[in-house]
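Step one of this worksheet: look at the structure below.
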Amino acid sequence: MHTTPRRSGGPDDEFPRSGASVWAVFAASLAIAACNHDFDSVPTSDIEGGAGGESTTTAGPGGGVPDGGGGCGSEGSSPGWKNPDSDEYITPYDFPVCDPKRRALLQALIGNGDNALVGDVYSNIEDVYEDFGLDPDEIMTCQARHERALDDPSSSVTMVRNACRYFCDNSLGGSDCSAVEIASDCQVGSVYRSYCLDLDDSLDWLALQAAALDANGRILRIPGHRKFMINQVLVLPSDSHLVWMGDKVSSNGRAAWRDGASPIEMVLSDQQREATDDRRGVASTHGTVIVAANMPFAYSGSNPWIASGPSVSNVRLEYAHVNAGGFHGENGISFAQGVKDVTMIGGIIENVKINAIEGTAAPAGGKAIQCEAGCRDVSIEGIVIRDAHIGINSNVIAAQKDLQPADWDKQGYVSDIAVAGLYMENVDIPINVLNDLESCNERSGSQRVRVSDFYIMNSGRMPDDVWLERVGAPRDDEFGARVGGTVTDEYFPPGSPTPDNCDKPGPHKRTNMGLVSSRGAYNVVIDNGVYQNELGYGGITALIDGDGTYSKLSDVEYLVRFICDDAAQVPGCP
């Protein structure tokens, strides 16, 4: 490690930023994207209308809503999702509802931030399928979904357990529920990781999910100046292209966002929230707000994340605004195993908390960007992450290796993600990389992860309450002075496998404190960035917490405090 140390004089120190050349390239790409979509010409006071940027609206409780939309056939038949003004894009308001009064009511309720439920408008689920053009085999009713889980011998343990809790009975279908402790966990007709449709779902989720499935290659525009409250995961199939509308694009030099973009926020019922708080999220939340994955992936085979057929590809998100609701166990945006060719440009992800703190469940949830084992060609440019447990996460998990397409092993990598232009604030673990595809004689599972041109502040330190629950004792920190420097090249320390445990990378994740937390990272580069914590933020263990191979920090400027009693060689300690 080659550094040029300097001590800080106080919280008002000037700190230079680097990476101007990378930002210039990124800024150019943003300008091109904005030009191609002509965002600034779109009205912002109402929901965006036709291709020419005009909007005809009908007043409603949530503000302006579009009039007309999909329309109906001469005999009242549903025409399917259609924007009459454009074949290039649709919105969540272009649903094929024929009844004009019901259409007006739905348009007034969806996206107004009040979390109206499907049951507030509908008394039976059949009308919902017809009005929104849904395929019951693609999004099943919750009862049918759980009946299938009990009848299918290939269903996962989790799916069977949730089905037993859904019906609250000890003997149903072809499965025996006697081993499931449903007395205390009975959900009385409700399930948290449901991926199914019932009258208790939010109208916002229904409109967004139906539009995403029926876009058929068209752009799905998320209207600006709204707030969408969803109670289920929004699943994106192949060829999904979502654009968050609003006002002009703003930036802070590294990341960019659209002013007035509508957040998509996860919301839980009182029953769900109570269970989540009591159990710190264990099996009580959905897992993520948005996921790119096959449908109906939740009902297929032994692994709920994998479906038969081709893997999901060609997914593009522009200026996404995602709020995980601050519930334990939610991720922000996830890319399931097998997903490839993903592009994210700009946006904000916030309020993302980790799952249960005890060691066996600690990795679950809490990731703003989650790349499951098997992501490929994921490109992220200029994103804001704030108030999260983990910012960028890349997994390579041996137990899931068999789920990857066979040709991926030949190419030598199973997790492939590149981030350029990143701003983080209040993130416990800015960058987390996990790779347990290692052996004593051969390394495999190259991750090909790169995070470049970043500015990360007030991050890298486990909160006191999380520390107490994980370690079992209050934190007793002794800090050195705040120290600044530049890391020109620092490689991750090697793991220390033993003869009796040769396929493990050795010591890792001492306390999850630092710029990067690594377990066996392979081919990971973090470069051209700034890492700065204010004077009162507290100390960190080290810039690199953990071990890895062919992985390094390069050209990283830092200004942080270290914990003196944890590592004798840390700068600024006695």
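On a predicted model such as this, the values are computed, not experimentally measured, just so you know.
W257 places no side-chain N or O within donor-acceptor distance of the main-chain N or O of I383, the cut-off being under 3.5 Å. Between the side chain of R448 and the main chain of N523, no donor-acceptor pair closer than 3.5 Å is present. In this structure, E330 contributes its side chain and V352 its backbone to no donor-acceptor pair below 3.5 Å. Under a 3.5 Å cut-off, the side chain of S518 and the backbone N or O of A521 do form a donor-acceptor pair. For the pair S554 (side chain) and T488 (backbone), a donor-acceptor distance under 3.5 Å is present. No donor-acceptor pair under 3.5 Å is formed between the side chain of E265 and the backbone N or O of A324. Judged purely by atom type and a 3.5 angstrom limit, S334 has no side-chain atom pairing as donor or acceptor with the backbone of V291. A donor-acceptor pair is defined here as one N or O able to donate and one able to accept, closer than 3.5 Å; such a pair exists between the side chain of R461 and the backbone of G539. With hydrogens and angles ignored, the 3.5 Å screen pairs a side-chain donor or acceptor of S551 with a backbone N or O of V524. Judged by distance alone, with hydrogens and angles left aside, the side-chain atoms of N331 form no donor-acceptor pair with the main-chain N or O of I333 at under 3.5 Å.
Of all the heavy atoms in R386 and V427, the pair that sits closest is CA-CG2, 4.4 Å. The two residues R482 and E534 have their closest heavy-atom pair at NH1-CA, 3.7 Å. Closest of all the heavy-atom pairs between P237 and V235 is CD-O, 3.7 Å. Across all their heavy atoms, R218 and I90 have their closest contact at NH1-CG2, 3.0 Å. In plain terms, the two heavy atoms of V233 and Q209 that are nearest each other are O-OE1, 3.5 Å. Shortest non-hydrogen contact noted between V312 and S238 is CA-OG, 3.2 Å.
With sequence neighbours excluded, the residues forming a salt bridge (Lys or Arg N to Asp or Glu O under 4.0 Å) with D527 are R450, listed by chain and number. N533 is linked by a side-chain contact (heavy atoms from CB on, under 4.5 Å) to N458, Y531, Y537, I540, V560, counting only residues two or more places apart in sequence or in another chain.
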Go through it in stages, so that I can follow the logic: the residues are H321 and I264, the test is side chain to side chain contact (heavy atoms under 4.5 Å, CB included), and I'd like the CA-CA distance, side-chain angles, deciding distance and then a yes or no.
CA-CA 6 Å; H321 192 166; I264 295 179; over 6 Å; no
Show your working on salt bridge (Lys or Arg N to Asp or Glu O under 4.0 Å) between R561 and D477 and close with a plain yes or no.
CA-CA 11 Å; R561 300 175 71 186; D477 291 341; over 6 Å; no
Can you list the steps and then say if L242 with L236 is a side chain to side chain contact (heavy atoms under 4.5 Å, CB included)?
CA-CA 9 Å; L242 276 64; L236 304 182; 4.0 Å; yes
Could you go step by step and tell me if I544 and F492 meet the side chain to side chain contact (heavy atoms under 4.5 Å, CB included) rule?
CA-CA 7 Å; I544 300 172; F492 290 22; 3.5 Å; yes
Kindly indicate, with the supporting measurements, whether the criterion side chain to side chain contact (heavy atoms under 4.5 Å, CB included) is fulfilled by V556 and F454.
CA-CA 9 Å; V556 175; F454 57 84; 3.9 Å; yes
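Residues D555 and N528 bring no donor and acceptor atom of their side chains to less than 3.5 Å of each other. At a cut-off of 3.5 Å, with distance as the only test, a side-chain donor of N351 or N323 sits close to an acceptor on the other residue. Side-chain polar atoms of N395 and N393 form a donor-acceptor pair below 3.5 angstrom. In summary, the side chains of Y455 and E425 do not present any donor paired with an acceptor at a separation below 3.5 Å, with no hydrogens or angles considered. Looking only at atom types and distance, the side chain of S250 has a donor-acceptor partner in the side chain of D259 under 3.5 Å away.
Residues E138 and L213 form a side-chain contact, since some pair of their non-hydrogen atoms from C-beta on lies under 4.5 Å apart. Here the side chains of L208 and I230 are in contact, with some heavy-atom distance below 4.5 Å. A 4.5 Å side-chain heavy-atom check between M344 and E318 finds every atom pair outside the cut-off. For the pair I526/I431, a side-chain contact is recorded, criterion being any heavy-atom separation below 4.5 Å from C-beta on. Proximity of I369 to I349: side-chain heavy atoms (C-beta onward) are separated by under 4.5 Å at one or more points. Inter-residue side-chain proximity for I345 and Y319 is flagged as met; some heavy-atom pair is nearer than 4.5 Å. L543 is not listed as a side-chain neighbour of V516, based on a closest heavy-atom distance of 4.5 Å or more. For the pair I385 and I348, the minimum side-chain heavy-atom distance is 4.5 Å or more.
To the nearest 0.5 Å, the span separating OH on Y550 from OH on Y491 amounts to 10.0 Å. For the atom pair CD1 (I380) and OG1 (T343), the distance works out to 9.5 Å, reported to the nearest 0.5 Å. Rounded to the nearest 0.5 Å, atoms OG (S313) and CG (D341) are 6.0 Å apart. The SG atom of C196 lies 9.5 Å from the CD1 atom of I139; values are rounded to the nearest 0.5 Å. Here the CD1-CE distance, from I219 to M245, works out to 9.0 Å after rounding to the nearest 0.5 Å. Interatomic distance, CG of L317 versus OG of S240, reported as 8.0 Å (0.5 Å rounding).
Stacking of R254 on the aromatic ring of Y423 is not recorded, the 6.0 Å distance cut-off and the 45° axial limit not both being met.
Two rings, from F479 and F562, have their centers 6.0 Å or more apart.
With respect to D489 and K552, a salt bridge is recorded, a charged nitrogen being found less than 4.0 Å from a carboxylate O.
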